[in-house]
Amino acid sequence: MPEVLTHLLQPGELRGDSKQIYNGLDCCVTFEVHSELQRLFNAESLIYNFERALQGPALEMMMRGFRVDQYERQSGIAALTKSIDKLNNVLQRYAHAVWGKPLNPRSTKQLQEFFYSAMRMPEIWISQKGVRKLSMNRETLEKLEIYFHAMPIVAVILAIRDLSKKREILETEVDADGRMRTSYNIAGTETGRWSSSSNAFGTGTNLQNIPPRLRKIFIADDGWKICGIDLEQAESREIGFLCGVLFGDWSYLDACEGGDLHTTTAKLVWPHLAWTGNRSDDRAIAEQIFYREFSYRDMSKRGGHGTNYYGTPWTMSRHLKVPVGVMVNFQRDYFGAYPCIPRFHRWVAQEIQTKQYLETFFGRGRHFFGRPNDDTTLREAIAYCGQSPTADRLNLAMLNIWKEMGTVVRLTAQVHDAVYFQYRVEDDEAAIIKRALELIQIPMTSPSGRVYTIPGEAKVGWNWGNAHNPSKPLGPNNEFNPNGLTKWKGSDARTRQSGLDRVL
DNA sequence: GACCCCCGCCAC
DNA sequence: AAACGTGGCGGGGGTC
């Protein structure tokens, strides 16, 4: 009970007018918390003041919302429903043949009974947090798929799940004015990232996990055009800079800044390939197949990211669907190429074991309450070093854009390492994007004098999806979208195609 | 019917 | 043996 009230209450008093008293107590708790926060977050508290400042752009985006093409959305729902119904009819025919009753593809319980009891297939167990589980996730179902009599059933189940997930998003309630309003939580994460969710009125949804293929339903306001700027290789560069500052080892940041990190990594990990030194030749070599559908470059990209974050060969081999031995060798060679990475891991372990605390170059600290010797704690701390500065960098840049360009641009969305805004089509597009790209950069200087910044990459268009590449055949990975976002190269010769936002 | 947890799965 | 991190959502299925 808050101290301020204890002397006012006698034992047993809460039994009487308890609701009013509880209410009073709650107010007192709030007051006591406020007093403590006042003490902690004084004028010197950089991060606290920063978070408060971010309320401006956050509230503006939340109140404005993102315009949705209702026709596009409804026709998407209709098309998906049709496909789902068709697939479901097929599934139910199988289900009745096998066990004489329906099967819900989203029910883990029913799927277990169906495959392991009715179809008598061998059980596939996985372990999560030390607990063995009879999962029915995609990975498990793909293992069941190798049995020929299960193959068509599994394929249908996975397809239904996939399409249902897409339909869920399209079915999210849009406000009466045809705009989707998300709720951004500025201070909801451990790292300084924002989170996003449905809003206080129950409409909208998380706008930070919309699959790329569905983004084209979000469109620019009439007379406005969308620009998106993302920070290139942001988390990798943050770690590269940290390694340089801590150890004077700039090899990883050099690789990031060299232009093509993943090809560079591939050259270091597989030095015996016929590298020429010519950038496009070497990229072509890196894009040759290494294992199954993975090129050397793919392996470098996905394997590098996982390895930076202390992923084990076992887990990464599962994720990349390659044998464990492949990942063991990859990591050995990767650590050989960038010795600052394992050194960085050891440094983080030392820090959390001695201080249980880390602070980024943006001044954001985090206490680690997990057991200091636990790998889980170490992994959280390693991830913090990349994720947190990226979040602060993007948000600081966004705040600067909002402050300086607030009359010229309308902020539209924030997606962790990318910010989207709109500008008037009659305005000087090149000048606006040039200035925004300048503001996105937050230079830092290492104690040794090296200047470090993360460049932004801009895209422009009239809807949030990616434009199709006209020089490649249309297909599932190149869907027709002439109004979509294209990479900004100083100009954009296109004009908005009316009615074509509506093509799904 | 409200509530809750688990599961599977989407993003960066 | 098996945990790369940060999040949010909807459905299933249980309890009250």
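Throughout, a chain's letter reflects where its sequence line sits, starting with A, and its residues are numbered from 1.
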Partner set under salt bridge (Lys or Arg N to Asp or Glu O under 4.0 Å) for [X], not counting sequence neighbours:
{"X": "E359(A)", "value": "none"}
{"X": "K267(A)", "value": "D282(A)"}
{"X": "E232(A)", "value": "none"}
{"X": "R215(A)", "value": "none"}

All N/O pairs under 3.5 Å across the protein-nucleotides 9-12 of chain B interface:
unit_1: dC9(B); atom_1: OP1; unit_2: R161(A); atom_2: NH1; d: 3.1
unit_1: dC9(B); atom_1: OP2; unit_2: R138(A); atom_2: N; d: 3.0
unit_1: dC9(B); atom_1: O2; unit_2: K165(A); atom_2: NZ; d: 3.2
unit_1: dC10(B); atom_1: O2; unit_2: N209(A); atom_2: ND2; d: 2.6
unit_1: dA11(B); atom_1: O3'; unit_2: R215(A); atom_2: NH2; d: 3.2
unit_1: dC12(B); atom_1: OP1; unit_2: R215(A); atom_2: NH2; d: 3.4
unit_1: dC12(B); atom_1: O3'; unit_2: V415(A); atom_2: O; d: 3.4
unit_1: dC12(B); atom_1: O3'; unit_2: D417(A); atom_2: OD1; d: 2.7
unit_1: dC12(B); atom_1: O3'; unit_2: D417(A); atom_2: OD2; d: 3.4
unit_1: dC12(B); atom_1: O2; unit_2: R193(A); atom_2: NH1; d: 3.3
unit_1: dC12(B); atom_1: O2; unit_2: R193(A); atom_2: NH2; d: 2.4

Please work out if [X] contacts a base, only the sugar-phosphate, or nothing of the nucleic acid, heavy-atom cut-off 4.0 Å.
{"X": "T390(A)", "value": "nothing"}
{"X": "S135(A)", "value": "sugar-phosphate"}
{"X": "T172(A)", "value": "nothing"}
{"X": "D374(A)", "value": "base"}
{"X": "N185(A)", "value": "nothing"}

Residue list, side chain to side chain donor-acceptor pair (under 3.5 Å) with D85(A), at least two apart or on another chain: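 Once residues adjacent in sequence are excluded, D85(A) has no partner under the side chain to side chain donor-acceptor pair (under 3.5 Å) criterion.
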With K86(A) via side chain to side chain donor-acceptor pair (under 3.5 Å) - residues at least two apart: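 For K86(A), no residue satisfies side chain to side chain donor-acceptor pair (under 3.5 Å) once neighbours in sequence are set aside.
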Interface with DNA chain C, restricted to residues 333-367 of chain A and to heavy atoms under 4.0 Å: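 DNA chain C contact set from residues 333-367 of chain A: R366(A).
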Residue pair E235(A) / T390(A), side-chain donor-acceptor N/O under 3.5 Å: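 No, T390(A) and E235(A) have no side-chain donor paired with an acceptor closer than 3.5 Å.
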Closest heavy-atom pair and its distance - A255(A), Y338(A):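 Closest approach of A255(A) to Y338(A): CB-OH, 3.5 Å.
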Selection from dC9(C), dG11(C), dG7(C) that lies nearest to any side-chain heavy atom of S195(A):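 It is dG7(C).
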Residue S107(A), side-chain atoms from C-beta onward, closest of dT6(C), dG13(C), dG5(C):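 Among the listed nucleotides, the one closest to the side chain of S107(A) is dG13(C).
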Given DNA chain C, 5'-ward residue of the pair G311(A) and Q110(A), judged by closest heavy atom: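 Nearest-nucleotide comparison on DNA chain C picks G311(A).
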Using residues 51-65 of chain A as the side-chain source, report each donor-acceptor pair under 3.5 Å to any protein atom, sequence neighbours left out, with the distance given to one decimal.
unit_1: E51(A); atom_1: OE2; unit_2: R364(A); atom_2: NH1; d: 3.4
unit_1: E51(A); atom_1: OE2; unit_2: R364(A); atom_2: NH2; d: 2.6
unit_1: Q55(A); atom_1: NE2; unit_2: R52(A); atom_2: O; d: 3.1
unit_1: E60(A); atom_1: OE1; unit_2: W402(A); atom_2: NE1; d: 2.7
unit_1: E60(A); atom_1: OE2; unit_2: R64(A); atom_2: NH2; d: 3.0
unit_1: R64(A); atom_1: NH1; unit_2: L411(A); atom_2: O; d: 2.9

Pairwise C1' distance, dA1(C) and dG8(B) [rounded to whole Å]: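 Straight-line distance between the two C1' atoms is 24 Å.
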Set of side chain to side chain contact (heavy atoms under 4.5 Å, CB included) partners for E257(A), sequence neighbours left out: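 Expected list: R237(A), L253(A), R450(A), Y452(A).
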OP1 or OP2 of dG10(C) under 4.0 Å from side-chain N/O of S164(A):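 So the side chain of S164(A) is outside the cut-off, no N or O lying under 4.0 Å from OP1 or OP2 of dG10(C).
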Tabulate below the donor-acceptor pairs under 3.5 Å that side-chain atoms of residues 118-125 of chain A make, not counting sequence neighbours, or state none.
unit_1: E123(A); atom_1: OE1; unit_2: W125(A); atom_2: NE1; d: 3.0

Protein and nucleotides 14-16 of chain C: nitrogen or oxygen contacts under 3.5 angstrom:
none

